[in-house]
Each structure stands twice: as C-alpha cells, then as structure tokens.
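Below: the structure, in structure tokens.
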Amino acid sequence: MQFVEANGAKIPAVGLGTWELRGRSCARLVEQALKLGYRHIDTAQAYENEREVGDGLRASRVRRDEVFVTTKVWTTHFAPNDLERSAKDSLTKLRLSEIDLLLLHWPNPHVPLQETLGALAQVKKLGMCRHIGVSNFTVALIEEAVAACPEPLVCDQVEYHPYLDQTKVKDACARQGMALVAYSPVAKGRIKNDRTLAQIGQAHGKTAAQVCLRWLVQQNVAAIPRTSRIERLSENIDIFDFVLSEEEMRQISLMGSAKVRLTDFGFAPKWD
Ligand SMILES: NC(=O)c1ccc[n+]([C@@H]2O[C@H](COP(=O)([O-])OP(=O)(O)OC[C@H]3O[C@@H](n4cnc5c(N)ncnc54)[C@H](OP(=O)(O)O)[C@@H]3O)[C@@H](O)[C@H]2O)c1
C-alpha cells in the first residue's frame with residue numbers, strides 16, 4: 001500500500017468509502033476489504049454505519065494500529081460542546097479509543113469557523129483523534145481554516161474524478177502541506193464505460209476504474225472508492241503494479257473540463 005503524507009499523517013492512498021453501506025453487509029464489506037489489504041476506511045456520523053464499520057474492523061482481525069479510520073462530524077454539531085460530544089459518540093459507536101482522522105463534513109457558515117476549529121483541535125488534544133481535517137472546503141475556506149486552527153489540518157476531502165478539474169483545491173492543499181482525499185473517485189460508477197479510460201486500460205491490462213484510481217494516486221491524492229460488491233473490492237485496490245505515462249495522465253486530466261459535479265446541495269459553499 002502506498003501512503004499520502006500530509007502534516008504528520010500517513011494516509012493509505014486507497015480506502016473504502018462506506019456511504020450508503022448499511023447493516024450487516026456494511027460490516028461484511030469492511031471485514032472483507034481489510035482482509036484483502038485495505039488499510040483505510042472512510043465513514044461519517046451522517047452515514048449511520050459507524051457501529052457496523054467498527055464491527056467489520058474487529059471481525060477482520062487486522063491489528064487496530066494498521067488501519068486508518070476516518071469519520072466526520074455533521075454540521076449541526078459544530079458548536080464547541082456539541083463537537084466534543086459528537087466525537088465521543090462516534091468513538092462509542094465505532095467502539096474505538098481513538099479515531100485516526102476526524103473531519104468537518106461540510107462548511108457551516110452559521111457557526112464561526114474559528115470556534116469549530118478550536119473545538120476540533122481540542123478533541124485532538126484530548127486524544128480522541130490522531131489527526132484532524134476538513135471536507136468540502138473551497139480554496140478560500142482552506143486558507144481561512146489553516147489560519148484559524150491551532151493544530152495542523154491534514155486534508156480536505158472533496159469530490160474528485162476525471163470529469164471534475166480540482167487543480168485549484170489540489171494546489172491550495174499542497175501549499176498548506178495538506179492531502180487531497182478524493183470522494184466519488186470513480187464518479188459514482190460513471191467511469192465504467194468511459195472509452196478513453198478503457199482504451200488506456202487495455203494497454204496495461206487494467207479496467208477503466210483501475211485507470212481512474214491510478215490517475216488519482218499518481219497525483220499523490222488519496223481515493224476512497226465505495227463498492228457494495230466483494231469482487232470490486234479487489235479491483236479497486238489492485239492499482240499499484242502499473243504506471244500511467246505522462247501522456248496518459250494528461251489525456252485523462254483533459255476530461256476535467258467537463259466540470260461534472262455529482263454532489264451538490266443548497267448548503268454547499270460557492271465552489272472554486
Ligand atoms: N465528504 C463528503 O461529503 C462525501 C461525499 C460523497 C462521498 N463521500 C465518501 O466517498 C466515498 C466514495 O464516493 P461515492 O460513494 O459517492 O462514489 P464512488 O466511490 O465514486 O462510486 C460508487 C459507485 O461506483 C460503483 N463502483 C465502485 N467501484 C466500481 C468499479 N470498479 N467499476 C464499476 N463501478 C464501480 C459502485 O457500485 P457497486 O456498489 O455496484 O460496485 C457505486 O455505485 C463514499 O462512500 C463516502 O465514504 C464523502
């Protein structure tokens with residue numbers, strides 16, 4: 001497994017996304033993923049599956065210190081006391097003594113960012129999490145957050161796949177020593193039938209999804225593809241035995257001008 005290093009954190013370059021995975025099948029997929037070599041699991045309070053993620057982790061029998069667990073605090077818990085309570089609740093559900101990475105799930109303009117970040121840093125100081133970061137932050141918000149946070153932020157988790165150029169956010173993260181963690185990295189499955197990706201894959205004996213994920217990790221980005229299918233777990237992690245040429249990387253990056261954003265809400269910030 002390759003890692004993305006960021007402000008003291010070593011984030012495994014591929015992780016399992018768990019949004020919409022629920023109940024026993026979620027626990028089974030997490031267990032199976034870890035048995036197949038995944039070392040990074042992405043969950044969130046809002047996914048209502050932290051308990052099952054914890055179950056899968058224990059069932060895998062992989063040592064706790066080998067697994068990187070990310071969870072996220074929902075925006076209604078950004079007032080300082082609420083944030084600490086929310087982190088405790090995540091720990092209880094996961095049945096862990098420490099979260100590896102705790103993120104603010106979305107920006108919330110109704111609570112002063114400095115207060116929320118102060119509380120997030122305090123949760124880290126109390127030993128509830130090893131690292132802290134943000135998600136769905138724009139360039140301006142990253143800069144504001146870094147200036148206001150008493151502890152280093154290790155990542156911004158944002159939507160990133162070949163159909164959405166994220167150069168600005170990626171560069172802003174790099175300037176701050178932060179990693180970009182790509183969510184919806186296979187564009188929610190849309191890359192499956194992409195001609196360019198499939199053609200490039202043919203030359204390497206790889207699928208379109210594998211080319212897409214390779215393109216991300218080759219930029220030093222971490223990716224957290226989700227699948228509900230056991231057979232795809234192996235496919236999505238089997239990307240470390242080939243290298244895309246500069247020309248192939250460029251060809252894929254050109255698709256970003258399509259500006260396809262798959263996750264957007266009324267409460268989203270004004271994207272870059
Ligand atoms: N921070 C945030 O606000 C935020 C927002 C969205 C997502 N996330 C995180 O990022 C994770 C991933 O994002 P996502 O779930 O939106 O999208 P995604 O991982 O890009 O796509 C998941 C979809 O792609 C399909 N898929 C997966 N691997 C495939 C492959 N090798 N070939 C073909 N299809 C494949 C899956 O179908 P099957 O199940 O049938 O394989 C599923 O429908 C989430 O689970 C969550 O942990 C975070």
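Keep in mind that what you see is a predicted model, and the values were worked out from it rather than measured. Both counts, for ligands and for their atoms, begin at 1 and track the order of listing.
- Salt bridge present: Glu143 and Arg175 bring a charged side-chain N and a carboxylate O closer than 4.0 Å.
- The salt bridge (Lys or Arg N to Asp or Glu O under 4.0 Å) check on Asp264 picks up nothing, with sequence neighbours excluded.
- Residues satisfying the side-chain hydrogen bond (donor to acceptor under 3.5 Å, both in side chains) test with Arg232, not counting sequence neighbours, are none.
- For residues 24-39, the pairs satisfying salt bridge (Lys or Arg N to Asp or Glu O under 4.0 Å) are Glu31-Lys35, Arg39-Glu66, with sequence neighbours left out.
- Residues lining ligand 1 at a heavy-atom distance below 4.0 Å are given as Gly17, Thr18, Trp19, Asp42, Tyr47, Lys72, His105, Trp106, Ser135, Asn136, Gln157, Tyr183, Ser184, Pro185, Val186, Ala187, Lys188, Gly189, Lys192, Ala209, Ile224, Pro225, Arg226, Thr227, Ser228, Arg229, Arg232, Glu235, Asn236, ordered by chain and residue number.
- When all heavy atoms are compared, the tightest approach of Arg130 to Lys124 is O-CE, 3.3 Å.
- Under the 30°/60° scheme for interplanar angles, the aromatic rings of Tyr47 and His105 are found to stand perpendicular.
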